[in-house]
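Here's the structure, in structure tokens; my notes come after.
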There are 2 protein chains.
Amino acid sequence: MAEDKVFTISELAAMFDISSRTIRYYEEIGMLTSENRDSLTKQRSYSNGERRRLKMILRGKKLGFSLQEIKEMIDLYESNPEGESEKSRIISFADSKLREIEEQIMQLQMLREDILTYKEKYENSRVKT
Amino acid sequence: MAEDKVFTISELAAMFDISSRTIRYYEEIGMLTSENRDSLTKQRSYSNGERRRLKMILRGKKLGFSLQEIKEMIDLYESNPEGESEKSRIISFADSKLREIEEQIMQLQMLREDILTYKEKYENSRVKT
DNA sequence: AACTATGCTAACGTTAACGTCAACTAGGAG
DNA sequence: CTCCTAGTTGACGTTAACGTTAGCATAGTT
């Protein structure tokens, strides 16, 4: 597979409909890395790994998490914990995030129901054409 | 029922664990109203209606919506549309919000699965005690 | 009367998450 | 060589969503 394709910053930006500045900002705060920069031109290039990472960040944003929260979650994904206490810490962090997410899902389902109810109220009051 | 109970601003704030400033701010941007202010002391007082409204705002926030988006949704709830075109507009707004919410639910479920997978990976690598 | 608690307005301060702009560099196109 | 396109690094600007502080008023307590 052509899994070794690399992208320029503007390709990546266009791909997700964000600005290059946003990508640089994510690097600035340590959420993305740009290794393999051209040693002469200093231009950034991104692998499929970084592309996936960016995709995760944007998913998190759409779900209403802050960049800090997203960073913690991604660190969770990419951590390789040494020792039992480290593992326990990660597992309990995961558990608390899971509870938070499940709570959000429930609330969203309630909101959905609410909107559906109000919508139907209007639909049933429509004049037959 | 004692549905006619009213609350002071700090009671309401304590009730939802937010600041009084936040409540005043929501009023500032037109998301809450404080009718029935004491004509002499100018102190705000809130009815159960306003309490529910605030609750909806905070739910929206927890779900990652901006105050502007929340305002539009609440306006939807409280609108009393005149005429068919107004109704259609509201119904299509509701539909688009519903799709957005359903998309969010799906994404959250995927995120949940992802975290579960990673968590189990760690759990299975734990040493038996 | 003095004090304390609660609330008010007005206004400036703060943080996250970028937007924007200037000044520069390297790589082609003609 | 000249021009144009992409990209780079500062650095200052902006917006949402409040926090904080000052100065004042009112109501209840001692």
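All figures in this text were calculated on a predicted structure; none of them were measured in a lab. Computation of the quantities below employed the complete heavy-atom set of this structure, encompassing side-chain atoms and omitting hydrogens, waters and symmetry-equivalent molecules. Here is the naming used below: chain letters follow the sequence lines, and residue numbers restart at 1 for every chain.
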Show the atom names and distances, to 0.1 Å, of all donor-acceptor pairs under 3.5 Å that link a side chain in residues 55-65 of chain B to residues at least two apart or in another chain.
unit_1: B:Arg59; atom_1: NH1; unit_2: A:Asp114; atom_2: OD2; d: 3.3
unit_1: B:Arg59; atom_1: NH2; unit_2: A:Asp114; atom_2: OD2; d: 3.3

Shared hydrophobic cluster for B:Ile70 and B:Ile29 (ILVMFWY, side-chain gaps under 4.5 Å): yes
Main-chain N/O of B:Lys42 paired to B:Arg37 side chain as donor or acceptor, under 3.5 Å: yes
Results of salt bridge (charged side-chain N to carboxylate O under 4.0 Å, His left out) for B:Asp95 - residues two or more places apart only: A:Lys119
Partners meeting salt bridge (charged side-chain N to carboxylate O under 4.0 Å, His left out) with B:Glu28 (sequence neighbours left out): B:Arg21
Nearest-nucleotide 5' precedence on DNA chain C, A:Leu40 against B:Ser45: B:Ser45
Rounded interatomic separation in angstrom, taking CD1 from A:Ile18 and C1' from C:dT20: 17 Å
Same cluster (ILVMFWY, side-chain, under 4.5 Å), A:Tyr46 and A:Met15: yes
DNA chain C-proximal residues of residues 53-67 of chain A, any heavy atom under 4.0 Å: A:Lys61, A:Ser66, A:Leu67
Contact interval (first through last nucleotide) of DNA chain D with protein chain B, 4.0 Å heavy-atom: D:dA17 to D:dA27
Partners passing salt bridge (charged side-chain N to carboxylate O under 4.0 Å, His left out) against B:Lys97 (at least two apart in sequence or in another chain): B:Glu69, B:Glu100
Within residues 25-34 of chain B, residues whose heavy atoms come under 4.0 Å of DNA chain C: none
Sequence-distant partners of A:Glu113, side-chain hydrogen bond (donor to acceptor under 3.5 Å, both in side chains), two or more places apart: none
DNA chain D: 5'-proximal contact among B:Arg21 and A:Arg37 (nearest heavy atom): A:Arg37
Pairing residues for B:Glu103 by the salt bridge (charged side-chain N to carboxylate O under 4.0 Å, His left out) criterion, not counting sequence neighbours: none
Listed partners of A:Arg89 passing side-chain contact (heavy atoms from CB on, under 4.5 Å), at least two apart: A:Glu86
Atom pairs under 3.5 Å: protein N/O with N/O of nucleotides 4-7 of chain C:
unit_1: C:dG7; atom_1: OP1; unit_2: B:Thr8; atom_2: OG1; d: 3.2
unit_1: C:dG7; atom_1: OP1; unit_2: B:Ser10; atom_2: OG; d: 2.5
unit_1: C:dG7; atom_1: OP2; unit_2: B:Ser10; atom_2: OG; d: 2.8

side-chain hydrogen bond (donor to acceptor under 3.5 Å, both in side chains) partners of B:Glu102, counting only residues at least two apart: A:Arg112
Joint cluster assignment, A:Tyr77 & A:Leu98, ILVMFWY side-chain distance < 4.5 Å: yes
Cluster overlap A:Met110 with B:Phe16, hydrophobic side-chain contacts below 4.5 Å: no
